2 protein chains.
Amino acid sequence: MAVTMRDVGRRAGVSAKTVSNVINGYPYIRPATRDRVLEAIAELGYRMNTSARSLRTGRRGTIALALPELRVPYFAELASEVIHAAEARGLTVIIEQHGGRRDLELDVLTGSRRDLTDGLIYSPLALGPGDEALLDVPYPIVLLGERIFHPNLDHVTMQNTAAAKAATEHLLAQGRRRIVAMGPNPDQDVGSAPLRFAGYQAAVEEAGIAVDPALAVPTKRSWDHATGARTIGRLVDDGVDFDAVFAFNDSLALGAMHELQARGRRIPDDVAVIGFDAIDEGRYSNPTLTTIDPGRAQIPRDAVRLIDERQRGVAGDPCRVAPEFRLVPGGSTGAEELAARGARA
Amino acid sequence: MAVTMRDVGRRAGVSAKTVSNVINGYPYIRPATRDRVLEAIAELGYRMNTSARSLRTGRRGTIALALPELRVPYFAELASEVIHAAEARGLTVIIEQHGGRRDLELDVLTGSRRDLTDGLIYSPLALGPGDEALLDVPYPIVLLGERIFHPNLDHVTMQNTAAAKAATEHLLAQGRRRIVAMGPNPDQDVGSAPLRFAGYQAAVEEAGIAVDPALAVPTKRSWDHATGARTIGRLVDDGVDFDAVFAFNDSLALGAMHELQARGRRIPDDVAVIGFDAIDEGRYSNPTLTTIDPGRAQIPRDAVRLIDERQRGVAGDPCRVAPEFRLVPGGSTGAEELAARGARA
DNA sequence: CTGAAAGCGCTTACAG
DNA sequence: CTGAAAGCGCTTACAG
């Protein structure tokens, strides 16, 4: 059978309990004892049986991150950082993909995977207002996104409206006047889209410009390259006049940028483009993409910190945090000199 | 305390063992008994304590997928599929990122995370020939990639040379004669690069063309957009004449494509471009990217199947599999009509 | 078809 | 500073 703490203890001339104390960093151990134990561990090649520990403590040291699709760059990057942040706290992450399907999002909450983790970082897409009661579950949840809120749950969100306003102001400051807002969806009264559109609207109106409905271009909910390309293509085909695009995420922006260039529009000369999210891809596009960093570094850290603290019972009242955002200058709005000065390092 | 099988059994008028039998699908149970047990489970809200089960069985139902970086699209897509394939077998995946750092790659093999999983799907970048002994570990490993091989380990690889040859032949068939090979690295005698270069070389030579060393363009090891753009830019600056690019992965190809377009070259008219990997991004680029699908659907399925079978002890001799590849036609080589005919659906 | 007993390998009180 | 006992909640033989 496997080597146990008892075996290690026998070898070191101590009890299993002392071995446990050494491994778990219990402070009051005579150095000589500790050394003998560590030596025995090495000699016997002892490995902790983590199932036994979990059974005894009731903790697994594992959290779940439930998101729509790992292959969407935004989520891949989020997952990467959540894993790093969790590792720094000794936690292990299990990623679950629900694809924005309601049935799978419900399964995330109650399915058998919940017997494998101590807590859940949850970024739903299909759940929304009216589903709050589903979130009353007997384990800690940290919510991400703008789809659903719950007074008892920690929530890491974004300054969507303020950031969208800043993005629009950036375009206005460069003299752009006919700015497309790509992403608002009239069917959707909740989520990032209406919040970002509100920021756009506020900036435009504060600049003394009437919001032109022809420039508020809805898209389907999956904000990807193809949608961005198709949407801007249709706008051009329809003869709509515009000199800038604020796309509600980077994939839309990059898709639109490709399509505009394919149709001979120069960026930023003819059309300035700004995105939202600050995914890696925008740093390698041609030109580089000006975008909003909604707090890429902070969001995963906060989410993991909150779930960890909640799970360990050291958290205070449920809280809602929205990290600082910042505008990342790129070539797509002619702001690359700033970039060169190191703003994006 | 939590509800246990004993509690459920008491409620249903049976023993804990019978509850266990019901949950685990043991066949010989009277329907009436089973129904009473299931009812009791529902009434009491019983949840399995998976730590206890793991302690008893010695199995956790968990596998690790160790890869360089989740934020690299190729790996994000691989991870996504591995998770799906694992779920289909009732396995849970833990992703570990080693960043291609040797110290972290070693830690993957021996670190404490190995006490949390039953097996490892391992895609190393820093380990290589000479490190085989490090892979002699007391748990199942399935290797991915071309860096290191081991006679006792299952290995899922690609038909690198044959696929690279097919890619090059595709360009040759369209009358291209000066084909850049982007990615070979003279310092690297092992890995995908030399294998893909061999395929390129074979195709060119079979076409009766001498391989021009000026067209074999080395890159640094991280095959990303920026590298592709920079590399092709330098080639143009140096006045090298070429009418096609075979990039050793899609990110290089997409970076090169951007840069060429930024410099006014038309694709595919002036330069045809083909990549390798078939990542999602190439389906949305302008033009779409012709590429090699090295078996994207099969690789994760085989890897998970092998680790599962090995771990359950139902596997035969260690095996090496390399799925079928296929050429995915796109606009970057003027092959989009094929695409339109449904070849990429 | 089902039950009673034992034990997987830890950690938690409880002593000393 | 360290030990002996008990028990976390399952499943595995062993019976019947």
Side-chain angles (χ1 to χ4, degrees), chain A residues 1-41 44-62 90 112 114-118 138 312-313, chain B residues 1-41 44-62 90 112 114-118 138 312-313:
Chain A
M1 288 309 311
V3 178
T4 71
M5 284 188 171
R6 207 189 146 97
D7 300 327
V8 173
R10 193 153 32 210
R11 177 102 170 196
V14 299
S15 74
K17 161 82 176 348
T18 301
V19 177
S20 174
N21 283 344
V22 169
I23 287 175
N24 292 307
Y26 181 71
Y28 308 109
I29 296 173
R30 236 182 318 195
T33 309
R34 144 183 261 100
D35 289 347
R36 260 185 298 128
V37 169
L38 292 175
E39 203 176 330
I41 287 173
L44 297 175
Y46 170 75
R47 308 281 310 197
M48 163 83 79
N49 182 320
T50 56
S51 299
R53 167 196 267 175
S54 294
L55 172 58
R56 189 59 242 228
T57 63
R59 294 244 201 86
R60 315 181 122 274
T62 303
S112 64
R114 291 290 65 69
D115 300 331
L116 295 174
T117 59
D118 297 334
R312 287 176 19 229
Chain B
M1 289 312 310
V3 178
T4 71
M5 283 187 171
R6 208 188 144 98
D7 300 327
V8 173
R10 194 150 34 210
R11 178 100 170 200
V14 299
S15 72
K17 160 82 176 349
T18 300
V19 177
S20 174
N21 282 344
V22 169
I23 288 175
N24 293 306
Y26 181 72
Y28 309 110
I29 297 174
R30 237 181 316 194
T33 310
R34 141 184 265 100
D35 289 348
R36 261 186 296 128
V37 168
L38 291 175
E39 204 175 329
I41 286 174
L44 298 175
Y46 170 75
R47 307 282 309 197
M48 163 83 78
N49 182 320
T50 56
S51 300
R53 168 196 265 174
S54 295
L55 172 58
R56 189 58 243 229
T57 62
R59 293 246 200 84
R60 316 182 121 272
T62 304
S112 64
R114 292 291 64 71
D115 299 331
L116 295 173
T117 59
D118 297 335
R312 286 174 21 227

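To find a chain, count down the sequence lines: A is the first, B the second, and so on, and within it residues start at 1. What you see is a predicted model; the values in this text were computed from it and never measured.
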Chemist: Can you see if the side chain of B/Ser20 gets near the phosphate of D/dT11 - specifically, an N or O under 4.0 Å from OP1 or OP2?
Modeler: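 Indeed, a polar side-chain atom of B/Ser20 lies that close.
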Chemist: Which part of the nucleic acid, if any, lies within contact of B/Leu55, taking any heavy atom under 4.0 Å across all strands shown: a base, the sugar-phosphate backbone alone, or nothing?
Modeler: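 Since a base atom lies under 4.0 Å of B/Leu55, the category is base.
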Chemist: Which nucleotide, C/dT11, D/dT2, D/dC10, lies nearest any side-chain atom of A/Met5?
Modeler: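 That would be C/dT11.
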Chemist: Counting the atoms with a prime plus P, OP1 and OP2 as sugar-phosphate, which does B/Ser51 contact under 4.0 Å by heavy atoms, base, sugar-phosphate, or nothing?
Modeler: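 The answer is nothing, as B/Ser51 stays clear of every strand by at least 4.0 Å.
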Chemist: So, the side chain of A/Arg36 versus the backbone of A/Ala12: is there a donor-acceptor pair under 3.5 Å, distance only?
Modeler: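 Pair found, side chain donor or acceptor close to backbone of A/Ala12.
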Chemist: If you compare every side-chain N and O of B/Arg30 against the phosphate oxygens of C/dC1 (OP1, OP2), does one of them come in below 4.0 Å?
Modeler: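 No, no such contact exists.
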Chemist: Rounded to the nearest angstrom, tell me the gap between atom CG in A/Asn49 and atom C1' in D/dC8.
Modeler: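 Between C1' of D/dC8 and CG of A/Asn49: 13 Å.
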Chemist: Write down the partner of C/dA15 under the Watson-Crick or G-U wobble criteria, each distance required to be under 3.5 Å.
Modeler: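 Per the H-bond distance test, D/dT2.
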Chemist: Map B/Tyr28 and A/Asn21 onto DNA chain C by nearest heavy atom, then report which one ends up closer to the 5' terminus.
Modeler: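 On the 5' side of the pair lies B/Tyr28.
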Chemist: Closer than 3.5 angstrom, by distance alone: can the side chain of A/Asp7 be matched with the main-chain N or O of A/Thr4 as a donor-acceptor pair?
Modeler: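 Yes.
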Chemist: For A/Arg60 and C/dC10, what is the distance between atoms CZ and P respectively, to the nearest whole Å?
Modeler: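 Distance, rounded to whole Å: 16 Å.
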Chemist: Is there side-chain contact between B/Ile41 and B/Ile23, with heavy atoms separated by less than 4.5 Å?
Modeler: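 Sidechains of B/Ile23 and B/Ile41: in contact.
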Chemist: Taking OP1 and OP2 of C/dT2, is either one under 4.0 Å from a side-chain nitrogen or oxygen of B/Thr33?
Modeler: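 True: B/Thr33 side-chain N/O within range (under 4.0 Å) of C/dT2 OP1/OP2.
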Chemist: May I have the distance from A/Lys17 (atom NZ) to C/dA15 (atom P), rounded to whole angstrom?
Modeler: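 Taking NZ of A/Lys17 and P of C/dA15, I get 14 Å after rounding.
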Chemist: From the options D/dG3, D/dC10, C/dG9, select the nucleotide whose nearest atom is closest to the side chain of A/Ala52.
Modeler: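 Output: C/dG9.
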Chemist: Roughly how many Å is it from CZ in B/Arg6 to C1' in D/dG9, rounded to a whole number?
Modeler: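 Nearest whole value for this atom pair: 11 Å.
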Chemist: Which of these nucleotides, D/dA4, C/dT11, C/dT2, is closest to any side-chain atom of A/Arg56?
Modeler: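 Output: C/dT11.
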Chemist: At under 4.0 Å, does any side-chain N or O of A/Thr18 touch on OP1 or OP2 of D/dC1?
Modeler: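 Answer no for this pair, as no side-chain N or O of A/Thr18 is under 4.0 Å from OP1 or OP2.
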Chemist: Give a yes/no answer on whether the side chain of A/Asn24 brings an N or O atom under 4.0 Å of OP1 or OP2 in C/dT11.
Modeler: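 Yes, because at least one side-chain N or O of A/Asn24 sits under 4.0 Å from OP1 or OP2 of C/dT11.
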Chemist: Do A/Met48 and A/Met5 touch side chain to side chain, with heavy atoms closer than 4.5 Å?
Modeler: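 Answer yes - side chains close enough.
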Chemist: Please give the distance between the P atoms of C/dA13 and D/dC1 as a whole number of Å.
Modeler: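 23 Å, rounded to whole Å.
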Chemist: Measuring from the side chain of B/Ser15 (C-beta onward, heavy atoms only), which nucleotide among C/dG3, D/dC10, D/dC1 has the closest atom?
Modeler: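 Selected nucleotide: C/dG3.
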Chemist: Within this structure, what is the CZ-to-C1' distance between A/Arg10 and C/dG9, rounded to whole angstrom?
Modeler: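 So the two atoms are 13 Å apart, to the nearest Å.
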Chemist: I need the CZ-P distance between B/Arg34 and C/dC1, as an integer number of Å.
Modeler: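 Checked: the CZ to P distance equals 11 Å.
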Chemist: Nearest to the side chain of B/Tyr46, heavy atoms from C-beta on, is which of D/dC10, C/dT11, C/dT2?
Modeler: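 Closest nucleotide among those given: D/dC10.
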Chemist: Heavy atoms, side chains only, cut-off 4.5 Å: are B/Asp115 and A/Arg53 in contact?
Modeler: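 A side-chain contact under 4.5 Å is absent here.
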Chemist: What does A/Gly13 touch in the nucleic acid at a heavy-atom separation under 4.0 angstrom: a base, only the sugar-phosphate, or nothing?
Modeler: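 Sugar-phosphate: the residue A/Gly13, judged by heavy atoms under 4.0 Å, touches backbone atoms but no base.
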Chemist: With a 4.5 Å heavy-atom cut-off, do B/Ile29 and B/Val22 have their side chains touching?
Modeler: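 In contact.
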Chemist: So does B/Tyr26 get a side-chain nitrogen or oxygen closer than 4.0 Å to the phosphate oxygens (OP1/OP2) of D/dT12?
Modeler: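 Indeed not, no polar side-chain atom of B/Tyr26 lies that close.
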Chemist: In whole Å, what is the span from the CZ atom of B/Arg53 to the C1' atom of C/dC10?
Modeler: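 Whole-Å distance recorded here is 20 Å.
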Chemist: The side chain of B/Ala2 lies closest to which of these nucleotides: D/dG9, C/dC10, D/dC10?
Modeler: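 For the B/Ala2 side chain, the nearest candidate turns out to be D/dG9.
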Chemist: A/Met48 has an atom CE; how far is it from atom P of C/dC8, in whole Å?
Modeler: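 Value for this atom pair: 17 Å.
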